[in-house]
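Index from 1, following the sequence. Note that the structure is predicted; figures quoted are calculated from it, not measured.
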Amino acid sequence: MIFGNGCWLQKEGYECFAPKEAYFVKKTENIVVICAPTSKINHRGDTLGGINLTVEITSPMPEIIRIRTSHHLGVLKKGPEFELDCTENQPLNVEEDQEKIKIKSGSLSLVVTKENWSMSYESNGRVITTSSGRDLAYMKTDWKGFAYDKGPDDAYMRQILSLSVGELVYGLGERFTAFVKNGQSTDIWNEDGGTSTYQSYKNIPFYITNKGYGVFVNNPGKVSFEIGTEQVSKVEFSVKGESLDYFFINGPSMKEVLKCYTNLTGKPALLPQWTYGLWLSTSFTTNYDEETVMSFIDGMAVGYVAARNGTCRLYKSRCL
(Lines give C-alpha, C1' and ligand atoms only; values in the text may rest on other atoms or scores of the structure.)
Protein backbone atom coordinates (compact mmCIF):
# COMPACT_ATOMS: atom_id res chain seq x y z
CA MET A 1 0.00 0.00 0.00
CA ILE A 2 1.40 3.37 -1.00
CA PHE A 3 1.09 6.02 1.72
CA GLY A 4 3.38 8.67 0.29
CA ASN A 5 3.03 11.37 -2.32
CA GLY A 6 6.51 11.54 -3.79
CA CYS A 7 9.64 11.75 -1.67
CA TRP A 8 8.51 14.19 1.02
CA LEU A 9 4.71 14.35 1.26
CA GLN A 10 2.04 11.95 2.51
CA LYS A 11 -1.15 11.20 0.63
CA GLU A 12 -3.99 13.51 1.54
CA GLY A 13 -5.73 12.25 4.67
CA TYR A 14 -2.73 10.23 5.89
CA GLU A 15 -0.47 11.03 8.81
CA CYS A 16 2.83 9.35 9.63
CA PHE A 17 4.03 8.71 13.20
CA ALA A 18 7.62 7.44 13.18
CA PRO A 19 10.00 6.85 16.11
CA LYS A 20 12.20 9.83 16.91
CA GLU A 21 14.36 8.21 19.58
CA ALA A 22 14.78 5.24 21.89
CA TYR A 23 13.48 6.86 25.07
CA PHE A 24 14.22 3.94 27.34
CA VAL A 25 15.38 0.35 26.91
CA LYS A 26 14.44 -2.67 28.99
CA LYS A 27 16.69 -5.71 28.66
CA THR A 28 16.39 -9.28 29.88
CA GLU A 29 18.25 -12.39 28.80
CA ASN A 30 15.81 -13.18 25.96
CA ILE A 31 14.14 -9.89 24.99
CA VAL A 32 14.88 -6.22 24.42
CA VAL A 33 11.94 -3.80 24.71
CA ILE A 34 12.31 -0.23 23.47
CA CYS A 35 9.92 2.65 24.09
CA ALA A 36 10.04 4.73 20.91
CA PRO A 37 8.06 8.01 21.10
CA THR A 38 7.06 9.57 17.79
CA SER A 39 8.01 13.06 18.97
CA LYS A 40 11.15 14.26 20.69
CA ILE A 41 11.14 14.18 24.49
CA ASN A 42 12.86 17.42 25.51
CA HIS A 43 11.38 17.67 29.03
CA ARG A 44 9.00 15.81 31.33
CA GLY A 45 6.01 17.65 29.92
CA ASP A 46 6.57 15.98 26.55
CA THR A 47 5.79 12.60 28.11
CA LEU A 48 2.16 13.55 28.86
CA GLY A 49 0.80 13.00 25.36
CA GLY A 50 1.50 11.79 21.87
CA ILE A 51 1.91 8.40 20.24
CA ASN A 52 4.47 5.94 21.56
CA LEU A 53 5.53 2.76 19.81
CA THR A 54 6.75 -0.33 21.63
CA VAL A 55 9.45 -2.31 19.82
CA GLU A 56 10.10 -5.85 21.08
CA ILE A 57 13.19 -7.66 19.79
CA THR A 58 13.73 -11.40 20.27
CA SER A 59 15.43 -14.31 18.51
CA PRO A 60 13.64 -17.68 18.09
CA MET A 61 16.83 -19.30 16.76
CA PRO A 62 20.32 -18.26 15.62
CA GLU A 63 20.47 -16.01 12.51
CA ILE A 64 16.85 -14.87 12.98
CA ILE A 65 15.78 -11.65 14.71
CA ARG A 66 12.11 -10.99 15.37
CA ILE A 67 10.81 -7.41 15.59
CA ARG A 68 7.34 -6.64 16.89
CA THR A 69 6.26 -3.00 16.76
CA SER A 70 2.98 -2.06 18.42
CA HIS A 71 0.92 0.99 19.25
CA HIS A 72 -1.96 -0.42 21.34
CA LEU A 73 -0.75 -3.66 22.92
CA GLY A 74 -4.21 -4.50 24.26
CA VAL A 75 -5.89 -5.15 20.90
CA LEU A 76 -7.76 -8.47 20.95
CA LYS A 77 -6.14 -11.24 18.91
CA LYS A 78 -8.82 -12.69 16.65
CA GLY A 79 -6.64 -15.21 14.79
CA PRO A 80 -5.92 -17.30 12.91
CA GLU A 81 -2.16 -17.39 13.44
CA PHE A 82 0.73 -19.17 11.75
CA GLU A 83 2.12 -22.18 13.59
CA LEU A 84 5.78 -21.31 14.10
CA ASP A 85 8.65 -22.96 15.93
CA CYS A 86 9.37 -20.02 18.20
CA THR A 87 7.99 -21.01 21.59
CA GLU A 88 11.32 -20.42 23.34
CA ASN A 89 13.44 -17.38 22.60
CA GLN A 90 17.21 -17.71 22.44
CA PRO A 91 19.49 -15.73 24.77
CA LEU A 92 20.49 -12.44 23.15
CA ASN A 93 23.96 -10.94 22.95
CA VAL A 94 23.26 -7.27 23.73
CA GLU A 95 25.72 -4.37 23.72
CA GLU A 96 24.55 -0.91 24.74
CA ASP A 97 26.18 2.50 25.10
CA GLN A 98 25.02 6.13 25.04
CA GLU A 99 24.57 6.18 21.26
CA LYS A 100 23.19 2.79 20.26
CA ILE A 101 22.07 -0.65 21.23
CA LYS A 102 23.25 -3.74 19.34
CA ILE A 103 21.35 -7.04 19.45
CA LYS A 104 23.12 -10.08 18.04
CA SER A 105 21.89 -13.56 17.07
CA GLY A 106 24.56 -15.74 15.49
CA SER A 107 26.33 -13.63 12.87
CA LEU A 108 23.25 -11.39 12.45
CA SER A 109 23.05 -8.08 14.29
CA LEU A 110 20.45 -5.36 14.62
CA VAL A 111 21.84 -1.94 15.55
CA VAL A 112 19.38 0.69 16.82
CA THR A 113 20.57 4.27 17.26
CA LYS A 114 19.08 6.05 20.25
CA GLU A 115 19.17 9.80 19.60
CA ASN A 116 17.88 9.81 16.01
CA TRP A 117 16.06 6.55 15.44
CA SER A 118 17.48 4.18 12.86
CA MET A 119 17.77 0.41 12.40
CA SER A 120 20.65 -1.31 10.67
CA TYR A 121 20.89 -5.05 9.95
CA GLU A 122 24.41 -6.43 9.73
CA SER A 123 25.86 -9.83 8.79
CA ASN A 124 29.32 -10.43 10.24
CA GLY A 125 29.66 -6.67 10.66
CA ARG A 126 28.63 -5.88 7.07
CA VAL A 127 25.51 -3.72 6.66
CA ILE A 128 22.94 -5.51 4.47
CA THR A 129 19.89 -3.24 4.83
CA THR A 130 18.73 -0.25 6.87
CA SER A 131 15.62 1.56 8.07
CA SER A 132 15.63 5.19 9.19
CA GLY A 133 13.66 8.43 9.20
CA ARG A 134 9.98 7.67 8.61
CA ASP A 135 10.54 4.10 7.40
CA LEU A 136 9.17 2.36 10.47
CA ALA A 137 5.88 4.10 11.13
CA TYR A 138 2.36 4.03 12.49
CA MET A 139 0.04 5.39 9.77
CA LYS A 140 -3.38 6.95 10.38
CA THR A 141 -6.06 7.76 7.83
CA ASP A 142 -8.80 10.42 7.95
CA TRP A 143 -6.44 12.49 10.07
CA LYS A 144 -8.07 15.56 11.65
CA GLY A 145 -5.28 16.77 13.87
CA PHE A 146 -6.85 15.69 17.15
CA ALA A 147 -8.96 12.51 16.72
CA TYR A 148 -6.14 10.04 16.09
CA ASP A 149 -7.50 7.38 18.45
CA LYS A 150 -10.39 6.08 16.34
CA GLY A 151 -9.38 2.44 16.48
CA PRO A 152 -7.61 -0.13 14.31
CA ASP A 153 -9.87 0.24 11.24
CA ASP A 154 -8.11 3.41 10.14
CA ALA A 155 -4.64 2.42 11.35
CA TYR A 156 -1.71 0.71 9.64
CA MET A 157 1.78 -0.28 10.67
CA ARG A 158 4.59 -0.34 8.13
CA GLN A 159 8.29 -0.96 7.76
CA ILE A 160 10.57 0.08 4.91
CA LEU A 161 13.97 -1.53 4.28
CA SER A 162 16.61 -0.28 1.88
CA LEU A 163 17.63 -2.02 -1.34
CA SER A 164 21.20 -1.92 -2.64
CA VAL A 165 22.23 -1.29 -6.25
CA GLY A 166 21.67 -4.53 -8.16
CA GLU A 167 19.75 -6.16 -5.30
CA LEU A 168 16.97 -8.44 -6.58
CA VAL A 169 13.90 -9.57 -4.67
CA TYR A 170 12.20 -12.96 -5.06
CA GLY A 171 9.39 -14.87 -3.38
CA LEU A 172 5.93 -13.92 -2.03
CA GLY A 173 4.47 -17.32 -2.91
CA GLU A 174 2.90 -18.45 -6.15
CA ARG A 175 2.95 -15.56 -8.60
CA PHE A 176 2.26 -15.18 -12.31
CA THR A 177 4.14 -11.93 -12.73
CA ALA A 178 7.87 -11.56 -13.45
CA PHE A 179 10.11 -13.81 -11.34
CA VAL A 180 12.12 -10.82 -10.09
CA LYS A 181 9.72 -8.80 -7.96
CA ASN A 182 11.46 -5.42 -8.17
CA GLY A 183 8.98 -2.82 -9.41
CA GLN A 184 5.89 -4.75 -8.33
CA SER A 185 3.09 -3.98 -5.87
CA THR A 186 1.84 -7.19 -4.26
CA ASP A 187 -1.00 -7.85 -1.85
CA ILE A 188 -0.84 -11.11 0.09
CA TRP A 189 -4.43 -12.31 -0.21
CA ASN A 190 -5.60 -15.60 -1.75
CA GLU A 191 -8.02 -15.07 -4.63
CA ASP A 192 -9.39 -17.09 -7.54
CA GLY A 193 -8.29 -14.78 -10.31
CA GLY A 194 -6.90 -17.30 -12.79
CA THR A 195 -3.30 -18.04 -13.62
CA SER A 196 -2.40 -14.95 -15.63
CA THR A 197 -3.10 -11.98 -13.35
CA TYR A 198 -1.56 -10.22 -10.37
CA GLN A 199 -3.82 -12.31 -8.10
CA SER A 200 -2.71 -15.65 -6.73
CA TYR A 201 -4.00 -18.81 -5.10
CA LYS A 202 -1.01 -19.35 -2.80
CA ASN A 203 0.34 -16.16 -1.25
CA ILE A 204 3.16 -16.21 1.28
CA PRO A 205 4.35 -13.03 3.09
CA PHE A 206 8.03 -13.93 2.69
CA TYR A 207 10.64 -12.52 0.34
CA ILE A 208 14.31 -13.21 -0.18
CA THR A 209 17.02 -11.19 -1.92
CA ASN A 210 20.26 -12.04 -3.69
CA LYS A 211 22.06 -10.19 -0.91
CA GLY A 212 21.56 -13.20 1.35
CA TYR A 213 18.68 -12.32 3.68
CA GLY A 214 14.95 -12.81 3.85
CA VAL A 215 11.95 -11.19 5.57
CA PHE A 216 8.89 -13.08 6.80
CA VAL A 217 5.90 -10.98 7.90
CA ASN A 218 4.05 -12.88 10.60
CA ASN A 219 0.51 -11.96 9.62
CA PRO A 220 -1.99 -14.39 8.03
CA GLY A 221 -4.18 -11.50 6.88
CA LYS A 222 -3.62 -9.03 4.08
CA VAL A 223 -0.01 -7.86 3.83
CA SER A 224 0.88 -5.23 1.22
CA PHE A 225 4.34 -5.13 -0.34
CA GLU A 226 5.76 -2.24 -2.38
CA ILE A 227 9.00 -3.53 -3.90
CA GLY A 228 10.89 -0.68 -5.48
CA THR A 229 7.60 1.07 -6.35
CA GLU A 230 6.78 3.84 -3.88
CA GLN A 231 10.54 4.35 -3.54
CA VAL A 232 12.72 2.63 -6.12
CA SER A 233 15.50 1.90 -3.62
CA LYS A 234 13.31 0.40 -0.89
CA VAL A 235 10.94 -2.44 0.01
CA GLU A 236 7.88 -1.50 2.04
CA PHE A 237 5.51 -3.90 3.80
CA SER A 238 2.44 -2.89 5.77
CA VAL A 239 -0.49 -4.42 7.63
CA LYS A 240 -3.75 -3.03 8.90
CA GLY A 241 -4.08 -2.58 12.63
CA GLU A 242 -1.97 -1.64 15.62
CA SER A 243 0.97 -4.05 15.35
CA LEU A 244 3.56 -5.31 12.86
CA ASP A 245 5.46 -8.54 13.50
CA TYR A 246 8.24 -9.72 11.20
CA PHE A 247 11.29 -11.98 11.21
CA PHE A 248 14.57 -10.92 9.64
CA ILE A 249 16.48 -14.01 8.47
CA ASN A 250 20.19 -14.04 7.68
CA GLY A 251 21.99 -16.45 5.32
CA PRO A 252 24.51 -15.39 4.33
CA SER A 253 23.59 -17.51 1.26
CA MET A 254 20.07 -17.72 -0.16
CA LYS A 255 20.11 -21.46 0.50
CA GLU A 256 20.82 -20.86 4.19
CA VAL A 257 18.03 -18.27 4.33
CA LEU A 258 15.53 -20.85 3.07
CA LYS A 259 16.85 -23.40 5.54
CA CYS A 260 16.32 -21.02 8.46
CA TYR A 261 12.92 -19.99 7.12
CA THR A 262 11.67 -23.58 6.90
CA ASN A 263 13.13 -24.34 10.33
CA LEU A 264 10.87 -21.56 11.60
CA THR A 265 7.71 -22.26 9.59
CA GLY A 266 8.00 -26.02 9.09
CA LYS A 267 9.10 -28.37 6.33
CA PRO A 268 6.63 -30.31 4.14
CA ALA A 269 6.38 -34.06 4.55
CA LEU A 270 7.19 -36.39 1.64
CA LEU A 271 4.08 -36.96 -0.45
CA PRO A 272 2.61 -40.49 -0.52
CA GLN A 273 3.55 -42.58 -3.55
CA TRP A 274 0.07 -42.53 -5.07
CA THR A 275 0.25 -38.74 -5.53
CA TYR A 276 2.90 -39.20 -8.21
CA GLY A 277 0.32 -40.79 -10.47
CA LEU A 278 -1.71 -39.11 -13.19
CA TRP A 279 -2.99 -35.63 -12.46
CA LEU A 280 -6.36 -34.79 -14.04
CA SER A 281 -8.41 -31.61 -13.78
CA THR A 282 -12.09 -31.32 -14.70
CA SER A 283 -12.35 -27.65 -13.75
CA PHE A 284 -14.06 -26.61 -16.98
CA THR A 285 -16.26 -29.69 -17.48
CA THR A 286 -19.96 -28.86 -17.12
CA ASN A 287 -21.63 -32.17 -18.09
CA TYR A 288 -20.87 -35.01 -15.69
CA ASP A 289 -22.93 -37.74 -17.31
CA GLU A 290 -21.87 -41.40 -17.30
CA GLU A 291 -20.34 -41.28 -20.77
CA THR A 292 -18.17 -38.27 -19.90
CA VAL A 293 -16.96 -39.70 -16.61
CA MET A 294 -16.18 -43.12 -18.13
CA SER A 295 -14.21 -41.47 -20.93
CA PHE A 296 -11.93 -39.92 -18.29
CA ILE A 297 -11.45 -43.28 -16.58
CA ASP A 298 -10.82 -45.13 -19.84
CA GLY A 299 -8.35 -42.46 -20.91
CA MET A 300 -6.43 -42.79 -17.66
CA ALA A 301 -6.30 -46.56 -18.05
CA VAL A 302 -4.88 -46.28 -21.58
CA GLY A 303 -2.32 -43.74 -20.43
CA TYR A 304 -1.27 -45.91 -17.50
CA VAL A 305 -0.73 -48.98 -19.72
CA ALA A 306 1.24 -46.92 -22.23
CA ALA A 307 3.45 -45.60 -19.46
CA ARG A 308 4.09 -49.08 -18.08
CA ASN A 309 5.08 -50.23 -21.56
CA GLY A 310 7.39 -47.24 -22.00
CA THR A 311 5.54 -45.99 -25.09
CA CYS A 312 4.15 -42.75 -23.68
CA ARG A 313 6.59 -40.15 -22.32
CA LEU A 314 3.78 -37.86 -21.21
CA TYR A 315 2.49 -40.24 -18.58
CA LYS A 316 5.62 -42.21 -17.79
CA SER A 317 7.12 -39.83 -15.25
CA ARG A 318 3.82 -39.48 -13.43
CA CYS A 319 2.54 -43.05 -13.39
CA LEU A 320 5.58 -45.19 -12.59
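To the nearest 0.5 Å, atoms CG (Leu92) and CG (Asn30) are separated by 6.5 Å. Atom CD of Glu95 and atom OG of Ser109 lie 8.0 Å apart (nearest 0.5 Å). A distance of 9.5 Å separates OG in Ser105 from CG in Asn93, rounded to the nearest 0.5 Å. Here the CD atom belonging to Glu99 is positioned 9.5 Å from the NZ atom belonging to Lys114, to the nearest 0.5 angstrom. Residue Leu110 holds its CG atom at 9.0 Å from CZ of Phe248, rounded to the nearest 0.5 Å. Atom OG of Ser200 is separated from atom CG of Asn190 by 6.5 Å, given to the nearest 0.5 angstrom.
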Note to self: Let's go through Ser162 and Thr129 carefully: what are the C-alpha distance in whole Å and the side-chain angles of both, what is the deciding distance for side chain to side chain donor-acceptor pair (under 3.5 Å) to 0.1 Å, and is it a yes or a no?
What the structure shows: CA-CA 5 Å; Ser162 63; Thr129 188; 3.2 Å; yes
Checklist line | Step-by-step side-chain contact (heavy atoms from CB on, under 4.5 Å) determination, Ser164 to Lys211 | finding: CA-CA 8 Å; Ser164 301; Lys211 206 170 180 181; 2.4 Å; yes
Note to self: Between Lys202 and Glu174, is the salt bridge (charged side-chain N to carboxylate O under 4.0 Å, His left out) condition met? List the steps.
What the structure shows: CA-CA 5 Å; Lys202 306 180 188 72; Glu174 175 194 56; 3.5 Å; yes
Margin query: Checking Asp154 against Lys140 for the side-chain contact (heavy atoms from CB on, under 4.5 Å) test, could you report, in this order, the C-alpha distance in whole Å, the side-chain angles of both residues, the deciding distance, and whether it holds?
Written below: CA-CA 6 Å; Asp154 66 331; Lys140 294 290 286 184; 3.1 Å; yes
Next item on the list: List the steps and the verdict of side chain to side chain donor-acceptor pair (under 3.5 Å) for Thr54 and Ser70.
Entry: CA-CA 5 Å; Thr54 300; Ser70 304; over 6 Å; no
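Although no hydrogens or angles enter the test, the distance criterion places a donor-acceptor pair under 3.5 Å between the side chain of Gln184 and the main chain of Ala178. No donor-acceptor distance shorter than 3.5 angstrom exists from the side chain of Asn287 to the backbone of Asp289, with no hydrogens or angles considered. The backbone N or O of Ile160 sits nowhere less than 3.5 Å from a side-chain atom of Glu236 that would complete a donor-acceptor pair.
In summary, the side chains of Thr209 and Glu167 do present a donor paired with an acceptor at a separation below 3.5 Å, with no hydrogens or angles considered.
Dense packing is recorded around OH of Tyr288, with more than 12 heavy atoms of other residues, nucleotides or ligands lying under 6.0 Å away. Applying the 6.0 Å contact sphere to NZ of Lys26 captures no more than 12 heavy atoms from other residues, nucleotides or ligands. Remark: Lys255 NZ is loosely packed, at most 12 non-hydrogen atoms of other residues, nucleotides or ligands lying under 6.0 Å away. Open room surrounds CZ on Phe24; 12 or fewer heavy atoms of other groups in view lie less than 6.0 Å from it.
Aromatic pair Phe237/Tyr246: centroids less than 6.0 angstrom apart.
The two atoms that bring Arg175 and Asp187 nearest to each other are NH2-O, 4.2 Å, heavy atoms only. A pairwise comparison of heavy atoms in Ile31 and Thr58 identifies CG1-CG2, 3.6 Å as the closest pair. In this structure, Met157 and Leu244 approach most closely via the heavy-atom pair CG-CB, 3.4 Å.
Of the residues Ile57, Ile67, Asp135, the one that meets the side chain to side chain contact (heavy atoms under 4.5 Å, CB included) test with Met119 is Ile67.
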